[in-house]
Protein chains: 2
Amino acid sequence: MTLRLGVLVSGRGSNLQAILDAISAKQLDARVELVLSNRASAPALERAARAGVKTQVIEHRQFPDREAFDAALIAALEGAGVEWVVLAGFMRLLTPSFVEAFAGRIVNVHPSLLPAFPGLDAQAQALAYGVKVTGCTVHFVDAGMDTGAIIGQRALTIREDDDVERLSARLLTEEHALLVECLSLIAAGRVKLHEAPLEVPREAPPRAETPPQTLDRAGGARPRVEVT
Amino acid sequence: MTLRLGVLVSGRGSNLQAILDAISAKQLDARVELVLSNRASAPALERAARAGVKTQVIEHRQFPDREAFDAALIAALEGAGVEWVVLAGFMRLLTPSFVEAFAGRIVNVHPSLLPAFPGLDAQAQALAYGVKVTGCTVHFVDAGMDTGAIIGQRALTIREDDDVERLSARLLTEEHALLVECLSLIAAGRVKLHEAPLEVPREAPPRAETPPQTLDRAGGARPRVEVT
């Protein structure tokens, strides 16, 4: 079954390019129905146009709040017949409404081995911590910050002479390969997202840092990805 | 320069065995001067005895507090001429006094890619989170829980059919190799621990989860390990 993808971008779109290349090389059975950018100047839009893919700019500044912005994103994606959403360097946090509209059908690429170094500048975070191994993660998106169930990860050894730029460049190669690999598994129907069992909230109040999606799950259980 | 090691154990001592094997195979230029256990029943003690290594049991229950227990450990290690301390499955958290007595000369092996999954049952934590890549870490010990500067890490891919037992067994093989590798680098004088610059505490109070050793370091800077 050909995956009908919507790709959300904010910048260069090198992950978008990896998807387009894999489709054109027949490594990935997918079609990019729409590339959405929140920035009109994103070079990713040119890449999409060169590949003959429909693009649309929806600037977040033109909306009164995140809900209204996300409603416009949802309408555009649904209007284009998008089934799966890929965040490829999209720099806006999505609302629960958006996550719900595409529940279990949004994936993100993150340049660290989550749960280590979530959020911005993951490569710099890893170097500052002094880890010797880092990597990248493709995961389902939930309402938290890089907290969703993990589909795939690749490790990368940090070199003594790495700086943020060199490390980011090597990681990007891994991200491209991992993203195409994970999307291919999804296209082949081999990725299953198992929800954690629901449970009545326990007496102890949840700790502040508990990600929102686990608040009502049994014993800290998380949704889990099975790859068959 | 032959490393004069003290190895602290609580259980099986398979990491101790890896050290003893590497020494006897001349892969590691070291001598185990003393194996210290806080449990008289630790099978690690038999391994040490078989290798002709001096052992001593110091039971933490026989001391009024952690300070007194750690003082006894320090006295035993210094009495045996130990220069470097290896925590090989030692299940007691050490006091700042102990860490200070062997500052920059205590290493620990941990079965995860720190800073992910510190503390107990790291393998179970990794499986519960649903990561696809985990690993092990050899790091300097500071006053925090698995927070010290990282010397080396090895990644390991989690399999769909892994449980805690299978994953732990595969990780253990990696731990043994990594520990010997890191100790060899230390014995060769190739591991340098660079302290982070000290700084006057800033106005904002530190967040509760900030590891103790960073409270008075510049801008969240951490000590860093350089391997030459």
Side-chain angles (χ1 to χ4, degrees), chain A residues 112-118 124-140 142 146-161 174 178 181-182 185 190-196 207-209 211 214 217-228, chain B residues 112-118 124-140 142 146-161 174 178 181-182 185 190-196 207-209 211 214 217-228:
Chain A
S112 77
L113 290 175
L114 291 171
F117 313 124
Q125 289 184 55
L127 288 173
Y129 193 93
V131 293
K132 303 297 182 180
V133 171
T134 186
C136 54
T137 302
V138 168
H139 62 92
F140 283 106
D142 62 18
D146 299 324
T147 51
I150 292 173
I151 303 170
Q153 296 185 302
R154 284 192 172 210
L156 185 74
T157 301
I158 291 184
R159 299 176 185 158
E160 279 296 319
D161 65 346
E174 299 297 324
L178 180 65
E181 185 184 308
C182 290
L185 288 168
R190 292 175 57 190
V191 175
K192 290 185 184 67
L193 178 59
H194 299 286
E195 288 296 332
R207 301 191 310 176
E209 65 270 33
T214 69
R217 303 292 173 181
R222 289 169 48 80
R224 191 181 159 278
V225 174
E226 182 190 7
V227 179
T228 55
Chain B
S112 77
L113 290 176
L114 291 171
F117 312 125
Q125 289 184 56
L127 288 174
Y129 193 92
V131 293
K132 303 297 183 181
V133 171
T134 186
C136 55
T137 302
V138 169
H139 63 92
F140 283 106
D142 62 18
D146 300 323
T147 51
I150 292 173
I151 303 170
Q153 295 185 302
R154 283 192 173 211
L156 186 74
T157 301
I158 291 184
R159 299 176 185 158
E160 278 297 318
D161 66 346
E174 299 297 322
L178 180 65
E181 186 184 307
C182 290
L185 287 168
R190 291 175 56 191
V191 175
K192 290 186 184 69
L193 178 60
H194 300 285
E195 288 296 331
R207 298 192 311 177
E209 66 269 33
T214 68
R217 303 291 175 181
R222 290 169 47 81
R224 190 180 160 279
V225 174
E226 183 190 7
V227 178
T228 55

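By convention in this document, chain letters (A, B, ...) are assigned in the order of the sequence lines, proteins followed by strands, and residues within each chain are numbered from 1.
Distance alone, capped at 3.5 Å, is enough to place a donor-acceptor pair between the Glu160(B) side chain and the Val227(A) backbone. A donor-acceptor contact shorter than 3.5 Å is absent between the side chain of Arg224(A) and the backbone of Gly130(B).
By the side-chain hydrogen bond (donor to acceptor under 3.5 Å, both in side chains) test, Thr137(A) is found to be paired with Gln153(A), residues two or more places apart in sequence or in another chain being considered.
Heavy atoms of Ile158(B) lying under 4.5 Å from chain A are absent altogether. When heavy atoms are compared at a cutoff of 4.5 Å, Leu156(A) does not approach chain B at all.
Put simply, CG on Leu113(A) and NZ on Lys132(B) are 13.5 Å apart, with the number rounded to the nearest 0.5 Å. Taking OG1 of Thr157(B) as the reference point, atom CZ of Arg154(A) lies at 10.0 Å (rounded to 0.5 Å).
The candidate with the highest count of non-hydrogen atom pairs below 4.5 Å against chain A, out of Ala149(B), Pro115(B), Gly152(B), is Pro115(B).
The two atoms that bring Tyr129(B) and Ile150(A) nearest to each other are CE2-CD1, 3.7 Å, heavy atoms only.
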